[in-house]
Student: 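Can you read through this structure? Questions will come right after.
The model shown is predicted, which means the values in this text are computed figures rather than measured ones. Chain naming here is simple, since letters A, B, ... match the order of the sequence lines and numbering starts at 1 in each.
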Amino acid sequence: MSNIGLIIGHEYWTRVSKKSFIIITLLTPLLMIATMALPAWLMTRSDTEEKQIVVIDKSGMYGDLFVNDEVYTYIYSGGNIESERKNHSEVTGFLYISGDLTADSTAVTFYSDKQASAETVNHLRRTLNQRAEQQKIDASGIPELKEIMKSVKADISVRTVKFDESGKEQVTSAELAEIMGMLSAILIYMFILMYGSMVMQGVVQEKSNRIMEVMVASTRPFDLMTGKIIGVALVGLTQFFIWVVMLLISGSIIAVALGSHYGLNINPTDMMQAAESLQQNGMDTEILTAVLGYDFKKMLILFVLYFIGGYLLYSSLFAACGSAVDNETDTQQFTAPLTVFILFAMYAGIYATNHPDSQFTFWCSMIPFTSPVVMLVRLPFDVAWWEIVLSLAILVASFIGSTWVAAKIYRVGILMYGKKPSWKEIWKWVKYK
Amino acid sequence: MLEIREVSKSFGEKRALDKVSMTIADGTIYGLLGPNGAGKTTLIRIITGITMPDSGEALLDGKQVSLDMARRIGYLPEERGLYKKMRVGEQIQYFARLRGMSQQEAREETEWWLKRFEIETWKMKKIEELSKGMAQKVQFITTVIHRPQLLVLDEPFSGFDPVNALQIEEEIKRLNREGTTVILSTHDMESVETLCKEISLINQGRIVLQGNVEEIKNREKENLFEVTLLTAEGKKTEVLKKADGETNNEFLARISKEGEVTEFKEKLPSMNEIFIKTVS
């Protein structure tokens, strides 16, 4: 009887019940949201500290321009910088206008003791710009110039419409396809790397704990390896599904919160209605329609399939690497080629977002070492079913092959202690009967 | 019965075992001796089915040993190891289940052993919280939990204080009385003398000495006698050598000239002496 089931259970539960797993699983999405939301939140927060600015206008043209508001208080003065500095020691800074700004756009300088904040400088620049533009328009002698300029401005956006299988038009968004593809590619890359090295660490730990000998006297090395690989895969999938559920929950919470914030009637179950409401708010409905037209179910299923396939391929090789060494610092020599493959897959994926139909992308979505990442990038750009099936079949065949080779290395490697084996020796292990 | 027939194993150029044969009868405690690097661990790994011999065979009850027999064999390797993050109870049960016990059985056996060693309070402790000696005890339980028919113990007493070593020794004896065959690999010659009936001494991959402990001692004896004499100066004990061809009576007559013999005992070599003499 095989012990794989028992080992899967052991590997799974010891990892999932760890405090660190629970904390990381719950905190990662929050951290990701925080890293995205924090800059946005900071941007909306303007500096409300009151600022006093002394305006020294030598041109005499801008005397009425600066009007006090909640933040900025202006003090007009005709003196020079040195004397004003003595008079006003508490102010934020001194705006020195030396001449006509329509003639010389550099005739203005801002002096301050502390480095002036970008916000303050921008505020002053905008105010002066508006005035200078207005002056130039007035000087041109064409009274309707402002309207003319507005009317000649062009703002073109290209709508992308795709014909679906039945020939119907479907609104899509190239940007969205790109984002979705990229996102799942990054996710799969991270997962393979993370859980692949988790398998390797597990193997190395069992070796350095010297528990390996007891284990191999109790069960087959093949069971031990596959049990560990599958157990860790289940940990990864558990984490992924927890994240998906968290995303869905927080998504609907945000939708509801946004709806009430804008006084709109957004019902998360009726997103089309939400789209209409948002249109009234000036949002681009087409992106939203594209989001809704997007086949999430297909994407999710294929994501899981490619994750499992790519993970099994890489993790079996990671397990073999782990079995060949005694401690984690020695693993690098053997993991380096694997890491190069994964990195290459990532770069191929980035390339594929811009060239989804190129020959190179096609082949990368067939080669098992790159297909999990590259195919996911291609998916939103409509890939023929036969291509997906073929690429998955190649992936399955290769992980069966890699598991077979890895099991051979593993079987010998786990009982080898002391000297680090060379590549030649590892090849010999594969050939042992 | 465990039969090893002309087992050889090489690692690259190095010949770890060279045509090693031995027969271990059911219900015995068999000593496997030899200096470091002699090939004991390789032999043990072949007996436990972890590695396959290049040639020859190891048969347990007439059948080639393999990992499928894991549940009939209990193996305590010299390099001890447990899952550090696991709790004592879980750990023992996990090993019991890996070797084919049902969940119910595994739980009951675990309770029984924890009680026997009076360590029930450790059940929920993690291995990393235990001292080395405590962990060794847990390791011993994981080795015998599935009631193996053959027990292979590699240096079972190392790391134990005298009290605990004695407790382990008693357990080994008890299991043996109940029918378990024990293979004891050790450098501790004292425990060989007290426990083992038969031994094999391996050096550089070959068997250099094999057989019943008493017979070996008699074979290796050097006609030394421990004699206590009462002389004019008082009582003295010395080790004297009997000359070749001399009978005991002639020898006794010769030494009694020096004084009155109050004690006269043939001195058999200890396993320690035999070991050193044979190996060096």
Side-chain angles (χ1 to χ4, degrees), chain A residues 1-21 201-225 227-228 231 326 407-408 410-419 421-422 424-425 428-429 432-433, chain B residues 11-12 37 41-42 44-52 54 65-87 90-103 106 126-128 135 138-143 145-146 148 150-152 154:
Chain A
M1 202 198 80
S2 150
N3 276 325
I4 294 183
L6 257 175
I7 295 164
I8 292 174
H10 167 247
E11 296 290 338
Y12 180 77
W13 283 113
T14 45
R15 287 190 167 77
V16 171
S17 59
K18 257 194 216 160
K19 269 190 212 109
S20 58
F21 172 83
Q201 268 170 20
V203 176
V204 175
Q205 263 166 26
E206 278 177 349
K207 253 188 107 174
S208 58
N209 274 355
R210 302 276 174 171
I211 196 160
M212 206 53 113
E213 198 155 350
V214 186
M215 288 304 289
V216 292
S218 312
T219 190
R220 291 161 190 281
F222 182 79
D223 292 2
L224 198 56
M225 189 182 90
K228 185 181 287 297
D326 290 358
K408 296 216 143 203
Y410 185 87
R411 196 191 52 173
V412 184
I414 46 177
L415 290 173
M416 291 282 175
Y417 284 99
K419 125 180 139 48
S422 65
K424 213 173 119 196
E425 276 170 283
K428 250 197 304 193
W429 297 355
Y432 278 162
K433 57 169 197 300
Chain B
F11 295 106
T41 304
T42 308
I44 286 175
R45 283 182 179 171
I46 287 169
I47 292 171
T48 49
I50 295 174
T51 35
M52 297 295 284
D54 295 341
V65 289
S66 68
L67 280 178
D68 295 322
M69 289 189 186
R71 32 201 72 168
R72 292 164 63 181
I73 302 174
Y75 172 36
L76 180 75
E78 186 179 5
E79 297 276 7
R80 310 295 151 78
L82 293 167
Y83 287 105
K84 292 200 168 65
K85 303 274 176 201
M86 263 178 119
R87 296 181 197 287
E90 289 171 355
Q91 180 106 43
I92 299 171
Q93 282 179 47
Y94 181 46
F95 278 112
R97 297 216 53 206
L98 277 178
R99 299 185 197 122
M101 277 190 157
S102 70
Q103 198 163 4
K126 286 187 179 162
I127 299 295
E128 59 188 355
V138 175
Q139 185 108 42
F140 182 80
I141 299 176
T142 63
T143 309
I145 186 77
H146 58 300
L150 174 67
L151 204 52
V152 183
D154 201 347

Student: Which atoms of Q103(B) are under 4.5 Å from chain A, going by heavy atoms: the side chain, the backbone, both sets, or neither?
Tutor: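 The answer is neither part of Q103(B).
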
Student: Indicate the atoms forming the closest heavy-atom contact of G231(A) with Y12(A), along with that distance.
Tutor: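 Shortest heavy-atom contact: O-CD1, 3.8 Å.
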
Student: How far apart are the closest heavy atoms of M212(A) and V203(A), and which atoms are they?
Tutor: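 Nearest pair, atom of M212(A) first, then V203(A): CE-O, 4.0 Å.
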
Student: What part of S218(A) lies closer than 4.5 angstrom to a heavy atom of chain B: side chain, backbone, both or neither?
Tutor: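 Contact with chain B is through both the backbone and side chain of S218(A).
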
Student: Mind listing the closest non-hydrogen atom pair of P148(B) and T143(B) along with its distance?
Tutor: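 Answer, listing the atom of P148(B) first, then T143(B): CG-O, 4.0 Å.
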
Student: Does the pair E128(B) and K84(B) meet the rule for a salt bridge (charged side-chain N to carboxylate O under 4.0 Å, His left out), with working shown?
Tutor: CA-CA 5 Å; E128(B) 59 188 355; K84(B) 292 200 168 65; over 6 Å; no

Student: Taking all atoms of both residues into account, what is the closest heavy-atom pair of L98(B) and R71(B), and its distance?
Tutor: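 For L98(B) versus R71(B), the nearest heavy atoms are O-NH2, 3.6 Å.
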
Student: Given that the side chain runs from C-beta out, which part of Q205(A) has a heavy atom under 4.5 Å from chain B: side chain, backbone, both or neither?
Tutor: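 Neither the backbone nor the side chain of Q205(A) comes within 4.5 Å of chain B.
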
Student: With a 4.5 Å cut-off on heavy-atom pairs, point out which of Y75(B), F95(B), Y83(B) contacts chain A the most.
Tutor: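 Going by pairs under 4.5 Å, I would pick Y83(B).
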
Student: Among Q139(B), M86(B), M52(B), who wins on heavy-atom pairs under 4.5 Å with chain A?
Tutor: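 Among the listed options, the one with the most contacts to chain A is M86(B).
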
Student: Counting heavy-atom pairs under 4.5 Å with chain A, which one of V152(B), L82(B), T48(B) comes out on top?
Tutor: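 Highest number of pairs under 4.5 Å: L82(B).
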
